[in-house]
Amino acid sequence: MADRRRPALFTIPAHRAFADALVAGILATWGRKGDPSAFARGLILLPNNRAVRAVRDAFVRASGGGLILPRLVPIGDAELAERVGTALDAMEAGADIPPAIDPMQRGMILARLVQNERAREGKPVDAGEAMRLGLALAGTLDQLLVERRTAHDVDGLAETTADSLSGHWQKALATFRLLLDAWPAELAKLGRIDAAERRNRLFEIVARRWRAEPPADFVIAAGITTSAPAIADLLATVATLPQGQVAFPDLDLNLTAEQWDAIAPLDAREDGSQKARIAETHPQFALKLLLDRMGMHRNEVALWRWGSAHDARAPRGRSITIAMLPAPLTGVWQTISDRERVLKDVSALEAANPAEEAQAVAIALREALETPERTAALVTPDRDLATRVSAHLRRWGIEAD
């Protein structure tokens with residue numbers, strides 16, 4: 001494998017339309033070489049099926065005619081094994097990986113284990129409660145597997161928190177530990193493994209193969225922010241391929257070194273300070289953790305040169321950077337210049353309660369729809385707010401997607 005001293009890492013700023021900017025760069029770099037079949041053999045790794053649709057639509061907008069697309073693979077696809085097998089030619093290499101257990105079967109077995117353990121403790125639960133607890137256990141198992149954690153790590157947690165947890169939580173943790181011990185035996189009897197574990201192994205196979213035999217065609221990983229260790233290893237491999245690139249979505253290059261260092265993973269700070277815990281909620285935290293796990297630094301990330309007609313104005317990005325600073329560093333707000341306060345047409349509303357908030361948002365959306373050539377979108381992590389707003393809009397005959 002050819003040694004590349006500098007990894008190919010890029011960031012597409014927030015003011016650019018990510019999919020269109022990505023496609024513009026791909027076409028400029030690999031799409032104009034006169035060999036459509038070679039272009040079609042390229043591979044683009046994306047976070048999910050929605051991203052695949054967005055990039056496919058962007059190719060249609062940019063091509064202006066017929067175009068054989070590169071292979072678009074969502075790494076978060078529930079059918080990842082089949083997609084990986086076809087697109088990455090890893091089926092033969094992954095043939096020895098056991099199949100994943102069916103999710104419903106998994107939930108039923110975990111529910112049975114919960115019922116048996118509760119009965120042993122003299123606290124029996126009915127089938128419905130056992131299923132609820134089993135599904136919660138399944139979610140925790142997935143998190144452990146994605147982070148490559150084991151039952152040994154749970155033992156360490158129990159030891160370090162023994163004095164700080166109440167008796168109720170200590171018993172719950174002990175029960176969880178017993179269930180973790182029983183689960184591998186259940187999988188072994190079925191000849192199955194967890195889907196998250198199978199996904200990890202597929203990523204490991206692909207990364208190992210590419211390090212040994214780099215693909216002859218381009219490979220791009222774009223828009224991926226998941227910091228799971230297996231994905232971080234895969235992205236680190238892609239970034240060092242002869243024709244590999246990794247494009248992050250808005251990894252902030254405006255932050256100073258001090259501001260960037262303040263966004264620290266919890267296990268990266270010896271004092272366990274409050275600043276680190278606050279920084280975990282910062283929008284850049286996942287990207288910072290991903291870069292750390294890739295073994296790379298922000299100084300190695302370059303700005304993606306291409307944009308599109310769908311981009312917004314660039315100066316507002318600096319204002320957003322300042323607005324999102326960790327609380328201990330917000331004193332910088334007093335020193336920024338008027339030129340950096342690019343907040344024209346940005347409004348703030350203080351609502352008395354969630355109902356008032358939803359109604360105000362719905363009115364703003366309706367006003368936008370009644371204005372010719374205007375569009376609007378509600379971006380929120382609050383599903384309850386989205387549901388309330390949709391209900392208000394339906395009263396006016398507006399169906400929100």
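The first residue in the sequence is number 1, and the count goes up from there. Bear in mind the structure is a predicted one, so any value in this text is a computation, not a measurement.
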Is the shortest side-chain N to carboxylate O distance from [X] to [Y] below 4.0 Å?
X: Arg106; Y: Asp142; result: yes
X: Glu129; Y: Arg118; result: no
X: Arg366; Y: Glu370; result: yes
X: Arg201; Y: Glu197; result: yes

Distance-only, no hydrogens or angles: does the [X] side chain make a donor-acceptor pair with backbone N or O of [Y] under 3.5 Å?
X: Arg71; Y: Arg41; answer: yes
X: Glu300; Y: His297; answer: yes
X: Gln284; Y: Asp250; answer: yes

Problem set entry | Residue pairs passing the salt bridge (Lys or Arg N to Asp or Glu O under 4.0 Å) test where at least one lies in residues 347-356, sequence neighbours excluded | none
Problem set entry | Given Phe248, Phe10, Phe18, the one that forms ring-ring contact (aromatic ring centres under 6.0 Å, His included) with Trp304 | Phe10
For this session: Would you mind telling me which of Leu235, Leu251, Val301 makes a side chain to side chain contact (heavy atoms under 4.5 Å, CB included) with Leu9?
Result: Val301
For this session: Check the pair Leu179, Leu110 against side-chain contact (heavy atoms from CB on, under 4.5 Å), reporting the backbone distance first and the verdict last.
Result: CA-CA 8 Å; Leu179 292 172; Leu110 288 172; over 6 Å; no
For this session: Measure the acute angle between the ring planes of Trp30 and Phe218, then classify it against the limits of 30° and 60° as parallel, tilted or perpendicular.
Result: parallel
